[in-house]
Undergrad: 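Questions regarding the structure given below will be posed in turn.
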Amino acid sequence: MTDISVILPDGSKKTLPHGATAADLALSISAGLAKAVVAARVKLGAKTEVRDLQAPLVDGAQVWLLKLDDKDAQDIMRHSAEHVLATAVCRLFPGAQVTMGPRDHGKEFYYDFDIGRPFTPEDLERIEAEMQKLITEDKPFIRREVPKPQAREEFKQLGQKYKDQILDWIPDDNVTIYQNHDFTDLCRGPHLPSTGRIKAVKLTGVAGAYWRGDQSREMLQRISGQAFTSKDEMTKHFAQLEEAKKRDHRKLGKELELFFFDPLAPASPFFLPRGALVYNKLVEYVRKLYVKYGYDEVVTPQIFDTKLFKTSGHYDNYEENMYFGYGGLSLRKLNGLIRQVAEDNKDNKDLFAKDVFGDSAEEDVEWREFGVKPMNCPGHCILYAHSLHSHRDLPMRIADFGRLHRFEKGGVTHGLARVRTFSQDDAHIFCTPDQVQAEIVSFVNLLDEVYRAFEFNDVRIRLATRPEKRAGSDADWDRAEKALEEALMGVKREFTFSPGEGAFYGPKLEFHVKDALERSWQLGTIQVDYVLPGPDRFALTFINREGAKDQVVMLHRAILGSLERFLGVYLEHIGGKFPAWLAPEQARILPITDEAMSYANELRARLLARGLRVDLDARQEKLGFKVREAQLMQVPFALVIGNKEVADKGVTVRQRGGKDLGFMAEDALTAFIVKECTMPG
RNA sequence: GCCGACAUAGCUCAGCCGGUAGAGCAACUGAUUCGUAAUCAGUAGGUCCGCGGUUCGAGUCCGCGUGUCGGCUCCA
């Protein structure tokens with residue numbers, strides 16, 4: 001047998017006996033390294049992959065030995081933790097069916113099981129304790145490569161029925177199997193050398209999850225958890241999580257008296273005066289942009305004859321998410337009518353062979369069915385069709401803060417982020433096909449400006465392309481997708497593709513931002529639509545240069561998206577500390593004694609006259625108490641007035657967070673605060 | 001919509017094996033005139049989410065409903 005030689009990261013070569021593994025390599029360098037290394041990244045030719053330490057090395061390969069500080073190594077650790085989890089579950093629940101964990105690991109690992117019943121929190125504790133035991137036992141992960149039929153037979157012997165299905169999707173003739181303790185699993189690997197390399201694990205939750213993510217299949221039980229390279233890291237992580245929970249917008253909304261929910265209007269926020277103030281300031285900000293970017297605002301109806309939604313396609317495609325009603329017809333009355341019909345027709349056996357209220361009902365004014373709008377677009381199509389449009393008038397950009405209602409299914413709502421009633425900074429741009437590109441570029445610039453103003457630095461852009469089920473010609477789609485892509489390239493923004501995730505009428509750009517708990521939410525969007533204005537829907541046209549009618553193109557777009565969702569995500573982003581221009585209360589005057597009260601009142605009146613939102617804390621409390629409350633409400637400026645300030649006609653300014661800005665005479669103060677509270681843009 | 005958990009004073013939460021409900025903060029009243037994150041004392045406050053069941057007796061156990069939370073699915 002000839003020796004092999006591998007290249008180390010520093011470029012040096014190392015010669016090893018044939019068949020040597022990465023573990024051998026590590027050992028040949030130092031015993032300490034061998035102890036710390038958990039996996040190897042191997043590059044051979046153009047191909048780089050992460051492998052087990054026990055995998056034999058190949059001559060000429062470049063090798064990096066990975067310790068747990070490496071991101072790939074941590075991924076492997078999480079993956080191994082999944083196997084330990086499954087081992088524990090199989091031990092504690094004989095007969096448990098194991099399925100699989102995630103394809104790509106985030107910070108968490110999870111594994112889906114079927115034990116014929118849900119796991120209880122007590123089960124979870126027992127499983128975690130068992131995992132701890134398995135880790136302490138420090139047993140190796142052993143890799144085997146076997147032909148597929150043999151693997152099938154093995155899992156059959158083990159009574160694992162899901163593995164059979166998983167084997168069906170694997171195209172290769174050979175598959176790999178990993179074993180640790182008495183647990184065997186089909187797995188592509190790689191794994192840590194042994195279970196003891198996992199330094200700390202914590203199970204974080206149990207929840208239902210569908211087999212293969214398909215609602216029509218079995219409901220499995222998903223156990224999720226996290227693995228750490230040290231106990232310290234784990235402690236730190238959960239401390240951070242606690243911090244993040246403090247920034248939960250639902251909690252902040254309550255504490256800062258911004259909004260609340262009531263069971264009589266499920267998932268529909270009530271905005272209190274402070275919340276409404278912020279909400280309206282956001283609208284005001286967007287309105288200012290509309291002037292700059294050439295939008296006209298319109299106000300359109302809330303409720304439409306459902307004929308509109310039949311034309312737009314919502315009646316067929318969005319019915320489940322809509323609210324419907326009839327003028328003056330309550331459920332109580334309807335029940336009475338049904339009883340009446342049944343009474344009148346008690347001898348008519350064929351009654352229910354047709355609709356109870358007959359075909360004519362739909363045409364009868366008394367029976368007109370209405371739908372509450374879930375989107376503004378159908379209404380805007382009516383508005384566009386209301387008058388004739390010349391190519392000279394395009395693009396026509398119409399904005400609408402109309403309130404939308406969507407009947408979201410129970411279990412999907414989430415604070416302000418997913419509600420049943422909301423309004424968007426929504427607009428539709430009607431333009432000629434030639435104008436699409438420029439409109440998209442302009443919009444992306446607009447978004448850039450806005451997200452920068454709100455200091456969202458981590459906005460992820462996704463380009464959702466044509467879905468399988470779609471309307472419109474391929475040529476239209478080519479053009480629309482290209483327009484979106486080129487616009488992004490033009491403004492040099494990074495983005496990822498979401499293949500097949502576009503709307504049925506057109507591709508879209510989605511702008512996503514993460515909340516405090518790392519959940520991603522879509523805010524802005526722009527969509528290119530050739531369908532709604534098309535001949536089968538609203539047939540919207542403009543008069544071209546030749547005097548003939550051409551079909552117009554419709555762009556759907558929103559900047560902040562739903563104002564409710566934006567406010568929720570933004571609240572978490574800033575931890576409740578609104579910039580002064582948005583703060584519901586910009587300054588609070590804190591008189592120390594009653595003697596300071598009359599000057600405090602005068603000052604407040606003068607600041608209010610300058611359009612500032614200033615309150616006066618006239619309660620008979622100590623200064624420390626008032627400062628504390630102003631701070632808890634995140635008021636940007638506390639203006640302290642004692643006898644000294646009364647005499648000198650000014651205030652001592654305390655900035656939110658505790659910074660002392662010292663004494664300011666009234667004129668200087670007014671100039672300072674007015675400047676601090678100026679809306680951007 | 002699916003799986004699980006939870007629902008007690010305005011808020012945050014305790015309430016054991018089923019025996020007639022409690023704290024802190026807030027509110028109210030009074031005293032205190034105070035210099036940068038909580039002054040003191042007193043008073044009042046409850047459909048224990050709703051409906052039904054088991055029981056001599058239910059905040060507590062069971063069923064159904066509603067809402068919320070964590071996931072899944074969905075999100076034109």
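Order of the sequence lines fixes the chain letters, A, B, ..., with proteins taken first and strands second; residue numbering starts at 1 for each chain.
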Undergrad: Between Phe119(A) and Phe93(A), is a ring pair (Phe, Tyr, Trp, His ring centres under 6.0 Å) present by the stated rule, with each step listed?
TA: CA-CA 10 Å; Phe119(A) 290 103; Phe93(A) 303 89; 5.4 Å; yes
Undergrad: Take N1-N3 plus N6-O4 or O6-N4 for Watson-Crick, N1-O2 plus O6-N3 for G-U, both under 3.5 Å. Which runs of 3 or more such pairs involve RNA chain B?
TA: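 In RNA chain B, stems of three or more pairs: B:1-7 with B:66-72, B:10-13 with B:22-25, B:27-31 with B:39-43, B:49-53 with B:61-65.
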Undergrad: Side chains of Arg418(A) and Thr413(A) only: does a donor on one sit below 3.5 Å from an acceptor on the other?
TA: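 Not at all, the side chains of Arg418(A) and Thr413(A) share no donor-acceptor pair under 3.5 Å.
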Undergrad: For Met322(A) and C75(B), give me the distance from atom CE to atom P, rounded to whole Å.
TA: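 After rounding, the gap between these two atoms is 17 Å.
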Undergrad: What I want to check is whether an N or O donor and acceptor connect the side chain of Arg418(A) with the base of C75(B) at under 3.5 Å.
TA: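 Answer yes: a donor N or O sits under 3.5 Å from an acceptor.
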Undergrad: If you check the Gln631(A) side chain, which of A37(B), C74(B), G71(B) turns out closest?
TA: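 Nearest to the side chain of Gln631(A) among the choices is A37(B).
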Undergrad: Test: side chain to side chain donor-acceptor pair (under 3.5 Å). Region: residues 633-650 of chain A. Which pairs qualify, not counting sequence neighbours?
TA: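 Side chain to side chain donor-acceptor pair (under 3.5 Å) check on residues 633-650 of chain A returns Glu645(A)-Thr652(A).
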Undergrad: Determine, for Phe109(A) and Arg78(A), whether the Lys NZ or Arg CZ falls below 6.0 Å from the six-membered ring centre while staying within 45 degrees of the axis.
TA: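 No, cation not above the ring by the 6.0 Å, 45° rule.
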Undergrad: Take the angle between the ring planes of Tyr315(A) and Phe324(A) and call it parallel below 30°, perpendicular above 60°, tilted in between.
TA: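 Rings of Tyr315(A) and Phe324(A): perpendicular, over 60°.
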Undergrad: Using distance alone, with no hydrogens and no angle criterion, decide if Tyr110(A) and Gln226(A) have a side-chain donor and acceptor under 3.5 Å apart.
TA: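 Result is no, nothing qualifies.
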Undergrad: Between Arg403(A) and Thr421(A), is any side-chain donor less than 3.5 angstrom from a side-chain acceptor?
TA: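 Result is yes, a qualifying pair exists.
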Undergrad: What is the distance, to the nearest angstrom, from the CD atom on Gln215(A) to the C1' atom on C3(B)?
TA: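 To the nearest whole Å, that distance equals 12 Å.
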Undergrad: Just do the salt bridge (charged side-chain N to carboxylate O under 4.0 Å, His left out) check on Asp112(A) and Arg222(A) with the steps written out, would you?
TA: CA-CA 4 Å; Asp112(A) 293 347; Arg222(A) 169 169 303 175; 2.8 Å; yes
Undergrad: Between A27(B) and C11(B), how far apart are the two C1' atoms, rounded to whole Å?
TA: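 Result for the C1' pair: 11 Å, nearest Å.
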Undergrad: Please report, rounded to the nearest Å, how far the P atom of C74(B) is from the CZ atom of Arg217(A).
TA: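 Rounded to whole Å, this separation is 13 Å.
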Undergrad: Using a 4.0 Å heavy-atom cut-off across all strands, classify Phe625(A) as base, sugar-phosphate, or nothing.
TA: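 Sugar-phosphate: the residue Phe625(A), judged by heavy atoms under 4.0 Å, touches backbone atoms but no base.
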Undergrad: Using atom NZ of Lys245(A) as one end and atom P of C69(B) as the other, report the distance to the nearest whole Å.
TA: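 Result: 14 Å.
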Undergrad: Pick the P atom in A58(B) and in G52(B), then give their distance to the nearest Å.
TA: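 Looking at atom P only, A58(B) and G52(B) are 13 Å apart.
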Undergrad: Hey, which sits more toward the 5' end of RNA chain B by its nearest nucleotide, Arg212(A) or Asp248(A)?
TA: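 Comparing both residues, the 5'-ward one is Asp248(A).
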Undergrad: Can you check the distance between C6(B) and C56(B), where both ends of the measurement are the C1' atom (answer in whole Å)?
TA: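 Going atom to atom, C1' in each nucleotide, I get 31 Å.
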Undergrad: How far does the P atom of C28(B) sit from the matching atom of G67(B), given to the nearest Å?
TA: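 34 Å, rounded to whole Å.
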Undergrad: Determine the Euclidean distance between corresponding P atoms of G70(B) and U32(B); express it in Å to zero decimal places.
TA: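 Pairwise P distance, U32(B) against G70(B), rounds to 49 Å.
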Undergrad: Would you measure the distance from the C1' atom in A23(B) across to the matching atom in C48(B) and give it in whole Å?
TA: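 That atom pair is separated by 16 Å.
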Undergrad: So, Thr204(A) versus Glu108(A): side-chain donor-acceptor pair below 3.5 Å or not?
TA: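 Yes, because at least one side-chain N or O of Thr204(A) sits under 3.5 Å from a partner of the opposite role on Glu108(A).
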Undergrad: Just checking Gly506(A): base, sugar-phosphate only, or nothing, at a heavy-atom cut-off of under 4.0 Å?
TA: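 No contact.
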Undergrad: Under 3.5 Å, is there a donor-acceptor pair between the Arg565(A) and Gln424(A) side chains?
TA: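 Their side chains do not contain a donor-acceptor pair, so the 3.5 Å distance test is not met.
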Undergrad: A cation-pi test, strictly: NZ or CZ of Arg462(A) under 6.0 Å from the centre of the six-membered ring of Phe497(A) and no more than 45 degrees from its axis. Yes or no?
TA: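 The answer is no; the distance or angle limit is not met.
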Undergrad: With 3.5 Å as the limit, what N/O pairs link the protein to nucleotides 62-68 of chain B?
TA:
residue, atom, partner, partner atom, Å
U68(B), OP1, Ala267(A), N, 3.1

Undergrad: With no hydrogens and no angle check, just 3.5 Å: does a side-chain donor-acceptor pair link Thr120(A) and Asp123(A)?
TA: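 Indeed, the side chains of Thr120(A) and Asp123(A) share at least one donor-acceptor pair under 3.5 Å.
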Undergrad: Kindly assign one of parallel, tilted or perpendicular to the pair His314(A) and Phe309(A), based on the angle between their ring planes and the thresholds 30° and 60°.
TA: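 If you compare the ring of His314(A) with that of Phe309(A), the planes turn out perpendicular.
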Undergrad: Look at the side chain of Tyr210(A) against the base of G1(B) and say whether a donor-acceptor pair falls under 3.5 Å; ignore hydrogens and angles.
TA: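 It does, because a donor-acceptor pair links the side chain of Tyr210(A) to the base of G1(B) below 3.5 Å.
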Undergrad: Using a 4.0 Å heavy-atom cut-off across all strands, classify Leu220(A) as base, sugar-phosphate, or nothing.
TA: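 Answer is nothing: Leu220(A) stays at 4.0 Å or more from every strand.
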Undergrad: Report all interatomic pairs (protein N or O, nucleotide N or O of nucleotides 43-46 of chain B) with separations under 3.5 Å.
TA:
none

Undergrad: In whole angstrom, give me the gap between the P atoms of A21(B) and U54(B).
TA: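 Between the two P atoms, the distance is 24 Å.
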Undergrad: Tell me: CG of Leu523(A) to P of C75(B), nearest whole Å?
TA: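 Result: 18 Å.
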Undergrad: Should the pair His405(A) and Tyr323(A) be assigned to parallel (<30°), tilted (30 to 60°) or perpendicular (>60°) ring geometry?
TA: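 It falls in the perpendicular class, over 60°.
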Undergrad: At under 4.0 Å between heavy atoms, how does the protein contact nucleotides 4-15 of chain B? Give one character per nucleotide, 5' to 3', with B, S or -.
TA: S------SS---
Undergrad: How are the rings of His428(A) and Phe430(A) set relative to one another: parallel (under 30°), tilted (30 to 60°) or perpendicular (over 60°)?
TA: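 Rings of His428(A) and Phe430(A): tilted, as their planes differ by 30° to 60°.
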Undergrad: Taking atom C1' in both U68(B) and C49(B), compute the distance separating them and give it to the nearest angstrom.
TA: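 Straight-line distance between the two C1' atoms is 11 Å.
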Undergrad: In whole angstrom, what separates Lys409(A)'s NZ from C74(B)'s P?
TA: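 It is 10 Å, rounded to the nearest whole Å.
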Undergrad: Does Lys508(A) pair with Glu501(A) as a salt bridge, N-O distance under 4.0 Å?
TA: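 No salt bridge links Lys508(A) with Glu501(A).
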Undergrad: Could you tell me how far apart Ile115(A) (CD1) and C3(B) (C1') are, to the nearest whole angstrom?
TA: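 Interatomic distance, CD1 of Ile115(A) to C1' of C3(B): 12 Å.
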Undergrad: Is the glycosidic angle of C69(B) within 90° of 0, making it syn, or outside that range, making it anti?
TA: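 Because its glycosidic torsion lies more than 90° from 0, C69(B) adopts the anti conformation.
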Undergrad: Is the distance between the ring centroids of Phe271(A) and Phe260(A) less than 6.0 Å?
TA: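 Ring centres of Phe260(A) and Phe271(A) not closer than 6.0 Å.
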Undergrad: Expressed in angstrom and rounded to an integer, what is the separation of Glu218(A) atom CD from U73(B) atom C1'?
TA: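 Whole-Å distance recorded here is 15 Å.
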Undergrad: I want to check one thing: is the phosphate of G70(B), taken as OP1 and OP2, less than 4.0 Å away from some side-chain N or O of His414(A)?
TA: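 For G70(B), OP1/OP2 do have a side-chain N/O of His414(A) under 4.0 Å.
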Undergrad: How would you summarise protein contacts on nucleotides 27-36 of chain B per nucleotide, using B for base, S for sugar-phosphate only and - for none, with heavy-atom distances below 4.0 Å?
TA: -----BBBBB
Undergrad: So, does His249(A) use its side chain to make a donor-acceptor pair with the main chain of Tyr570(A) at under 3.5 Å?
TA: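 Checking the backbone N and O of Tyr570(A) against the side chain of His249(A), no donor-acceptor pair under 3.5 Å is found.
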